[in-house]
Each structure stands twice: as structure tokens, then as C-alpha cells.
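Notes follow once the structure below has been shown.
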There are 2 protein chains.
Amino acid sequence: MVVYELSEEQTNKVFRALADATRRDIVRRTLHAEVSISELAASYDMSFAAVQKHVAALEAAGLVNKIARGRERIVRGQPDTIRHAQELLSSLEDIWRQRISRLDDFLADETP
Amino acid sequence: MVVYELSEEQTNKVFRALADATRRDIVRRTLHAEVSISELAASYDMSFAAVQKHVAALEAAGLVNKIARGRERIVRGQPDTIRHAQELLSSLEDIWRQRISRLDDFLADETP
DNA sequence: GTATCGTACAACCAAATGGTTGTATATGAG
DNA sequence: CTCATATACAACCATTTGGTTGTACGATAC
């Protein structure tokens, strides 16, 4: 049930974007409800421009998108991209599980 | 069913470590089978020291560990840490699902 | 023993990252 | 219209990252 393939470069961006507590918090908040950039900026101890850059990194990764509403930009989380990241991690776990089951087979063969 | 809590800093390291194609490949290979650092280094178009640094980043993130075997260091993937990352992503997805179900409730209320 | 292999680690470098301030521009309020 | 708000974006800076080469050292092969 593979949905879409992310390029290596896109995958890098997704994980890179998630490797920062502020950005993870922005993702949480924008998945929970629609928030403007200035509302986000009010929450963090950094400049508006810094928050803007974090949102831009998340947008480039496809983890959020922005829509114009009046003079505000509403940031919305993109659950699909999170699912892509989950699928990649699941595929890693599958590799492990296959190894375990290979080991089980081996043991079943060797110890009759 | 929370297993362990990763500190923010550890979480950063995990996602940062996964934000690189070479490192993701190392994780895949070390989950599949035990591999020495020099075996890994032979696969990538970069110096031994560069691969060593990638392994060190993965080790600091808890995504692999190293054991000594003779003069070799065997690198082994750590599926538990991958599971931690998955749980974090799942918690983000849950936020989204809760929002959808709140929206459903609202619609059920408003449209009798 | 000596030579070689596998690893560790330091020093160095260019590029990317994560923050800042400052300026410009469009929208909404009064 | 004027003023304040929300955003965009450039320029700048310190730190981190991702690579390099070189040196050192323990373990194995011969």
C-alpha cells in the first residue's frame, strides 16, 4: 500500500525539518488547528523572521502549507507527508522483522 | 503504550541522523545483517573517515551500536530507536485524527 | 618479529543552518 | 488618507555539518 514515492532529497528535507523542537511544535499546532505565522511567532522566544524561516523549512519539506487569508498566512499541517515518513520507518522495521524471521527459520532447521 | 521518553535533544539527533541518504542506507544494511565499518565504507564513494563519522552520528542518535570483534567494529541497527521515532510521528497523526473527529462532532451537531 | 588491516581521532575546510536586523510591501482599521 | 499589522526577503554572522587528509595504535597475518 505504497502511496507516493518521496525522492531522497525530499526525504532528507522531511527528516531534517523534524530534527528541531520548535519545528516539531509548529507541526503539532498546525495539525491541531489553523494558525497564522504571527500567532506562531508569539509563542517562541525568537524573532518573527526566525519563525518564518522554520515555517519555510517545513513548507519545503511538505510538512505544512500556507494559504493567504487577508493579510495573514494560515499555516496548516500536512498529515500525508508525516505518513510518508512513517512508511519509511516502517520499511526499516520490516527489514529487521525479516531478519528475525530468517533467524527463526534457521533455528527451526538446525534444531529438529 | 508509551515505551520510553526520548529527550528533545535525542529526538533531534534521531531525525537529524535520518536526514541523510547514506545514513539511512547504513541503518538499512545494519538492520539486515551485521556489518563492519570497513565493509560499509567500501560501498560509498567517500573516505573511510567520512563513513566513520556517519556511523558515529547514528550511534549518538541510538540508531546503531558498535561491538568489537577482533580488530573490526561490527555495526548493528537498533530497531527500538526507530520505533521511538515512529511513535512520535504517530502522535502527530493522532493530533490530526482528533481534529477530524472534533470536526465530525461539530457537523453532527450543526446538521441534524 | 614485521607488515598489514581496521579503527580512532585530530586538524582543517567549504557549505549549510539558525539566528539576527533592516527594509519593502500589501492588507485592514480608524 | 493615514497608520498599524502581517508578511516577505535580503544581508549578515556564528556555529554546525560533512567532507578531507594525516597520524597513531591495537589486532591479525605471515
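Note on naming: letters A, B, ... go to the chains in the order of the sequence lines (proteins, then strands), and numbering restarts at 1 for each one.
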Within the distance-only criterion (no hydrogens, no angle test), does the side chain of B:Arg76 pair as donor or acceptor with the backbone N or O of B:Thr30 below 3.5 angstrom?
-> no
Please tell me if the side chains of [X] and [Y] come closer than 4.5 Å, counting only heavy atoms from C-beta onward.
{"X": "A:Val51", "Y": "A:Leu40", "value": "yes"}
{"X": "A:Thr22", "Y": "A:Arg24", "value": "no"}
{"X": "B:Arg99", "Y": "A:His32", "value": "no"}
{"X": "B:Ile74", "Y": "B:Glu34", "value": "yes"}

[X] [atom1] to [N] [atom2], straight-line distance once rounded to whole Å:
{"X": "B:Ile74", "N": "D:dA27", "atom1": "CD1", "atom2": "P", "result": "15 Å"}
{"X": "A:Asn12", "N": "C:dT17", "atom1": "CG", "atom2": "C1'", "result": "15 Å"}
{"X": "B:Glu9", "N": "D:dT16", "atom1": "CD", "atom2": "P", "result": "11 Å"}

With hydrophobic residues grouped by side-chain heavy-atom distances under 4.5 Å, do B:Val55 and B:Ile67 end up in a single group?
-> no
Any chance the side chains of B:Arg29 and B:Ser43 put a donor and an acceptor closer than 3.5 Å?
-> yes
With no hydrogens and no angle check, do the side chains of B:Ser90 and A:Gln86 hold a donor and an acceptor under 3.5 Å apart?
-> yes
Would you tabulate the nitrogen or oxygen pairs shorter than 3.5 Å linking the protein to nucleotides 26-30 of chain C?
residue : atom : partner : partner atom : Å
C:dT27  : O2   : A:Arg71 : NH1          : 3.1
C:dG28  : O4'  : A:Arg71 : NH1          : 3.4

Of residues 25-57 of chain A, the positions that come close to DNA chain C - non-hydrogen atoms, cut-off under 4.0 Å = A:Met46, A:Ser47, A:Ala49, A:Ala50, A:Lys53, A:His54
